[in-house]
Asker: 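Supplied in structure tokens, the structure appears directly below.
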Amino acid sequence: MNKQSQPLVKLNFESDYGVISLCANETGITHLNFIPQIDSEWQSREVDNQLLENNRVQSSIGSVSEPALEQRASAHLLQAKQELCEYFSGTRRHFDVALAPKGTEFQQQVWHALTELDYGQSCSYADIAMKIARPKAVRAVGTANGANPIAIIVPCHRVIGKNGTLTGYAYGLELKQKLLSLEGLSV
């Protein structure tokens, strides 16, 4: 995972799994969220357009021009959209797009461990805690998992209960089950 900075550009698109909102900066994808529909029970984590405008002003102060930064960020969006479409169609099992989520060092460790989970593989919070050499931090791993700003690509949907049951998901258990089923897991 790359440098942590705020998003510069955004792309929303429809998929068979819902409307997806992608945000990126010059180093990679910063957010991947599902935009709630009218009857959705979960709240949107979508990035505010005002934040994007504020970051465009700040980014133009550096040594690289703002259009060059936005061009790099846009390339990440297009790559992520393409890879997601391939994932949803069942032809992609691993994502290659650069990531740039903003989070604490601990969150970064958890999210990195999630990216190492193979397609069709599940684990528990305790498994992730062991993987990052923090076996007593199971609850903190759960909190970091819930704060994941890049759904699907950082596959927090692959975390299930230690007893093999579905656990919470920011976008609802129905979507979590659909994503797991897409990968061949029945929970």
Asker: Could you tell me the separation between the CD1 atom of Ile29 and the CD1 atom of Ile152, rounded to the nearest 0.5 Å?
Answerer: 12.0 Å
Asker: Within the distance-only criterion (no hydrogens, no angle test), does the side chain of Trp111 pair as donor or acceptor with the backbone N or O of Pro155 below 3.5 angstrom?
Answerer: no
Asker: Determine whether the side chains of Gln82 and Tyr87 contain a donor N or O and an acceptor N or O closer than 3.5 Å.
Answerer: no
Asker: Less than 4.5 Å apart, any side-chain heavy atom of Ile20 and any of Ile35?
Answerer: no
Asker: Is it the case that Gln177 and Ser181 place a side-chain donor and acceptor less than 3.5 Å from each other?
Answerer: yes
Asker: Would you call Cys123 and Leu117 a side-chain contact if the rule is heavy atoms closer than 4.5 Å?
Answerer: yes
Asker: Spell out, yes or no, whether Val138 and Met130 are grouped together once hydrophobic residues are joined by side-chain heavy atoms under 4.5 Å, including indirect joins.
Answerer: no
Asker: Would you call Glu86 and Arg92 a salt bridge, taking side-chain N to carboxylate O under 4.0 Å as the test?
Answerer: yes
Asker: For the backbone of Ala133 and the side chain of Gln109, can you confirm whether one donor and one acceptor N or O come within less than 3.5 Å of each other?
Answerer: no
Asker: How many angstroms lie between CG in Leu185 and CD in Gln121, if you round to the nearest 0.5 Å?
Answerer: 9.0 Å
Asker: Indicate the ring-plane relationship of Tyr169 and His157, choosing parallel, tilted or perpendicular according to the 30° and 60° boundaries.
Answerer: perpendicular
Asker: Where the side chain of His76 meets the backbone of Ala98, is there a donor-acceptor pair that is under 3.5 Å apart?
Answerer: no
Asker: One pair to check against side-chain contact (heavy atoms from CB on, under 4.5 Å): Thr143 and Val110. What are the steps and the verdict?
Answerer: CA-CA 10 Å; Thr143 300; Val110 170; over 6 Å; no
Asker: Is there a donor in the side chain of His112 and an acceptor in the side chain of Glu116, or the other way round, less than 3.5 Å apart?
Answerer: yes
Asker: Is there a side-chain contact between Lys10 and Ser21 (heavy atoms, below 4.5 Å)?
Answerer: yes
Asker: Does Phe13 share a hydrophobic cluster with Val97, counting links as ILVMFWY side-chain heavy atoms below 4.5 Å and allowing steps through other members?
Answerer: yes
Asker: I need the Leu78 CG to Leu11 CG distance, nearest 0.5 Å.
Answerer: 7.0 Å
Asker: Rounded to the nearest 0.5 Å, how far does OG1 of Thr104 lie from CD of Gln107?
Answerer: 3.5 Å
Asker: Looking at Glu183 and Gly120, would you say the former's side chain and the latter's main chain have a donor-acceptor pair under 3.5 Å?
Answerer: yes
Asker: Nearest 0.5 Å, what's the CZ-CG distance between Arg158 and Asp127?
Answerer: 14.0 Å
Asker: Measure the spacing between CG of Leu32 and CG of Leu22 and express it to the nearest 0.5 Å.
Answerer: 4.5 Å
